[in-house]
Amino acid sequence: MLTEEGAIHIPGVLSRYARLSNGVLAHYWTAGESGPSVILLHGGIAGSSGLAGWRMMMPFLAGHGFRVYAPDRPGFGLSDNRPGFFMEKGVRDQVKFIDLFAEAIALEDQFFIAGNSQGAQMGSSYAVEYPERIKRMILIASPAFHRRIGLGNGMGRGAALRAGPFDGSEAWMRSQMEHIIRNHAAITDELITMRTTMANSRKEVLAACMEWSRQELEDPTLFQAINFEGRLDTIEIPTIFLWGKQDVLAPVEMGYELEDVLPKIQFFFPDDCGHQGQTDQPEMFAQVFLEFLRDGIVSRQTADWAGVSDRRPELPNLVEQAVKAGA
């Protein structure tokens, strides 16, 4: 069933708005009425939204004692598309949005943050700007980190969009979702209709955001503000990074390359998992999220299930270590 906003109805997930201090009317999805706060940030493909990206995770975390917020980032979902209010200036406006959003909904001094794909880039960008606000962080596959951490341009290394740029049709949306998501049972007709409707309503805004993001990478002056070198690689916030082995948009080799330069982040490489892992392996990702957010460490059993990396020694403060025989 679709709501009056054209959105899928998920029991326990509510649609709300918050007025930011700069006048932007931010839309967000929320679940849970009490407990520690978690902000979940969606990806950057046309039609993305807090609900599209996190519809399975939100009620699970809420049911385990968290207050969950999944905002529609500028250019997506039901975000503000009024001229002068849609915050098109790339990473910096996205970071500003997260900060103003956290302020508007009166989050506690520290909260949890997680993001997939472009949402992972924006969440980590916020974390390096405001490290005192983030208690723990979870990231999911994103090709945009490479250029910003000094590994060259990672965009375009994987398989390109199947049908080219978004053409406004449900056929395009279905083709793209089936391309990046292995769990085709999760790609319902309602999801496709919702994503297509929202993508069409924010098409011009997203184009402006993407153009500014391109300029940030190409203009040395603008790039200084978003450079991750010496920042993300030295981060002290407890962080884990999940990267699906069958990701076609951002091949797993890109995850290996990031792992080699991010020594304080624990990597996982789950099997039978594409670009949107929380949709391909919802039970696995939910358990990883729950343990890491609740306990600060992923249990041995869950870590093995989620493909904890064996490419380097595990970080014992983030992953439970096996008990040696005779100990």
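Counting from 1, the numbers follow the sequence of the chain as shown.
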Worksheet item: If we only count heavy atoms from C-beta on, is the W54 to V68 side-chain gap below 4.5 Å?
Response: no
Worksheet item: Checking side chain to side chain donor-acceptor pair (under 3.5 Å) for the pair D271/Q281: CA distance, chi angles, key distance, verdict?
Response: CA-CA 9 Å; D271 201 5; Q281 294 279 7; over 6 Å; no
Discussion item. Is it the case that atom NZ in K264 sees more than 12 heavy atoms from other parts of the structure closer than 6.0 Å?
Written reply: yes
Worksheet item: Can you find a heavy atom in the side chain of I113 that is under 4.5 Å from one in the side chain of V38?
Response: no
Discussion item. Strictly distance-based, threshold 3.5 Å: is any side-chain N or O of R300 a donor or acceptor partner for the main-chain N or O of E320?
Written reply: yes
Worksheet entry | Check: S175 side chain, A171 main-chain N or O, donor-acceptor pair, under 3.5 Å | no
Worksheet item: Under 3.5 Å, is there a donor-acceptor pair between the D72 and W29 side chains?
Response: yes
Discussion item. Nearest 0.5 Å, please: how far is CG in L51 from NE2 in H9?
Written reply: 10.5 Å
Discussion item. Between D93 (side chain only) and E88 (backbone N and O only), is there a donor and an acceptor less than 3.5 Å apart?
Written reply: yes
Worksheet item: With a cut-off of 6.0 Å (strictly less than), are more than 12 heavy atoms of other residues, nucleotides or ligands near CG of N317?
Response: yes
Worksheet item: Under 4.5 Å between any side-chain heavy atoms of Q278 and F289, yes or no?
Response: no
Worksheet item: To the nearest 0.5 Å, how far apart are CZ in F66 and CE in M57?
Response: 11.0 Å
Discussion item. Within the 3.5 Å criterion, strictly below it, is a donor on S309 or Q266 matched to an acceptor on the partner's side chain?
Written reply: no
Fill in: Smallest separation among heavy atoms of E108 and G35, with atom names
OE2-O, 4.4 Å
Worksheet item: Does the side chain to side chain contact (heavy atoms under 4.5 Å, CB included) test come out yes or no for R55 and T279, once each step is laid out?
Response: CA-CA 9 Å; R55 64 194 181 280; T279 301; 4.0 Å; yes
Practice prompt. Answer with yes or no whether the side chains of Q121 and S142 bring together a donor and an acceptor at under 3.5 Å.
Written response: no
Practice prompt. Measure up the F267 and F241 rings against each other and bin them: parallel (under 30°), tilted (30 to 60°), perpendicular (over 60°).
Written response: parallel
Discussion item. Restricting to non-hydrogen atoms, name the atom on S48 and the atom on G43 that form the minimum distance, rounded to 0.1 Å.
Written reply: CB-O, 3.3 Å
Worksheet item: Checking R136 side chain against I237 main chain: does a donor-acceptor pair fall under 3.5 Å?
Response: no
Discussion item. Can you tell me which residue among V319, T239, L318, I297 is in a side-chain contact (heavy atoms from CB on, under 4.5 Å) with F292?
Written reply: L318
Worksheet item: For the residue pair L191 and A186, what are the closest heavy atoms and their distance?
Response: CD2-O, 3.6 Å
Fill in: Aromatic F228 / basic R148 pairing, under 6.0 angstrom, 45° off normal
yes
Worksheet entry | T302-S299 side chain donor-acceptor pair, cut-off 3.5 Å | yes
Discussion item. If I take atom OG from residue S79 and atom OH from residue Y17, how far apart are they, to the nearest 0.5 angstrom?
Written reply: 9.5 Å
Worksheet item: Are M254 and D247 side-chain neighbours, meaning at least one heavy-atom pair lies under 4.5 Å?
Response: no
Discussion item. Please evaluate residues D233 and I265 with respect to the criterion side chain to side chain contact (heavy atoms under 4.5 Å, CB included), reporting the C-alpha separation (whole Å), side-chain torsions for both, the decisive distance (0.1 Å), and the verdict.
Written reply: CA-CA 8 Å; D233 46 327; I265 297 178; over 6 Å; no
Item to complete: List in chain and number order the residues that pass side chain to side chain contact (heavy atoms under 4.5 Å, CB included) with A306, two or more places apart in sequence or in another chain; answer none if no residue qualifies.
Response: F268, M284, V288
Worksheet item: Any salt bridge between D272 and R182, counting N to O under 4.0 Å?
Response: yes
Item to complete: Carefully, step by step, assess W243 and F269 under the rule ring-ring contact (aromatic ring centres under 6.0 Å, His included).
Response: CA-CA 5 Å; W243 203 296; F269 299 105; 7.6 Å; no
Worksheet item: Looking at CG of L20 and CG of D80, how far apart are the two atoms once the value is rounded to the nearest 0.5 Å?
Response: 8.5 Å
Discussion item. Other residues, nucleotides and ligands only: do more than 12 of their heavy atoms fall within 6.0 Å of CD on Q301?
Written reply: no
Item to complete: Go through the side-chain N and O atoms of E283 and Q287 and say whether any donor and acceptor fall under 3.5 Å apart.
Response: no
Worksheet entry | Side chains of Q321 and E314, donor plus acceptor under 3.5 Å | yes
Item to complete: Could you check N22 against K96 for side chain to side chain contact (heavy atoms under 4.5 Å, CB included), going step by step and ending with a plain yes or no?
Response: CA-CA 10 Å; N22 62 355; K96 181 179 179 181; 4.2 Å; yes
Worksheet entry | Side-chain heavy-atom pair L40, M58 within 4.5 angstrom cut-off | yes
Discussion item. Nearest 0.5 angstrom please: E204 CD to F86 CZ, how far?
Written reply: 8.5 Å
Worksheet item: Between Q276 and S117, is any side-chain donor less than 3.5 angstrom from a side-chain acceptor?
Response: no
Discussion item. I'd like to know if the side chain of N81 and the backbone of R202 have a donor-acceptor N/O pair within less than 3.5 Å.
Written reply: no
Fill in: Heavy atoms from other residues, nucleotides or ligands near CE of M210 exceed 12 (cutoff 6.0 Å)
no
Item to complete: Indicate yes or no for a side-chain donor-acceptor contact from D280 to the backbone of N183 under 3.5 Å, with no hydrogens or angles considered.
Response: yes
Discussion item. I'd like to know if the side chain of E216 reaches the main chain of G90, judged simply by a donor and an acceptor atom lying under 3.5 Å from each other, with no hydrogens or angles considered.
Written reply: no
Worksheet item: Does one side chain, of Y69 or R67, offer a donor that lies under 3.5 Å from an acceptor on the other?
Response: yes
Worksheet entry | Check: M173 and F166 side chains under 4.5 Å, non-hydrogen atoms | yes
Fill in: Backbone N/O of T193 and side chain of T196: donor-acceptor pair under 3.5 Å
no
Discussion item. To check you understand the geometry: which heavy-atom pair defines the closest contact between I140 and G277, and what is its length?
Written reply: CG2-N, 4.3 Å
Fill in: From CG (L78) to CG (L25), nearest 0.5 Å
10.0 Å
Discussion item. For P165, is there any backbone N or O sitting under 3.5 Å from a side-chain donor or acceptor partner on W172?
Written reply: yes
Worksheet item: Is there a donor-acceptor contact under 3.5 Å from the side chain of R195 to the main chain of A46?
Response: yes
Discussion item. For a 4.5 angstrom cut-off between non-hydrogen side-chain atoms, does H179 reach L249?
Written reply: no
Discussion item. Is any side-chain heavy atom of I134 closer than 4.5 Å to one of F112?
Written reply: no
Item to complete: Report yes or no: do Q94 and R73 form a side-chain donor-acceptor pair below 3.5 Å?
Response: yes
Discussion item. Do R92 and F97 form a cation-pi contact, if we require the NZ or CZ to be under 6.0 Å from the six-membered ring centre and within 45 degrees of the ring's axis?
Written reply: no
Worksheet item: Could R214 and E218 be called an ion pair, given the rule that one side-chain N must be under 4.0 Å from one carboxylate O?
Response: yes
Practice prompt. Tell me, with the steps shown, if F145 and L139 meet side chain to side chain contact (heavy atoms under 4.5 Å, CB included).
Written response: CA-CA 11 Å; F145 281 84; L139 308 173; 4.2 Å; yes
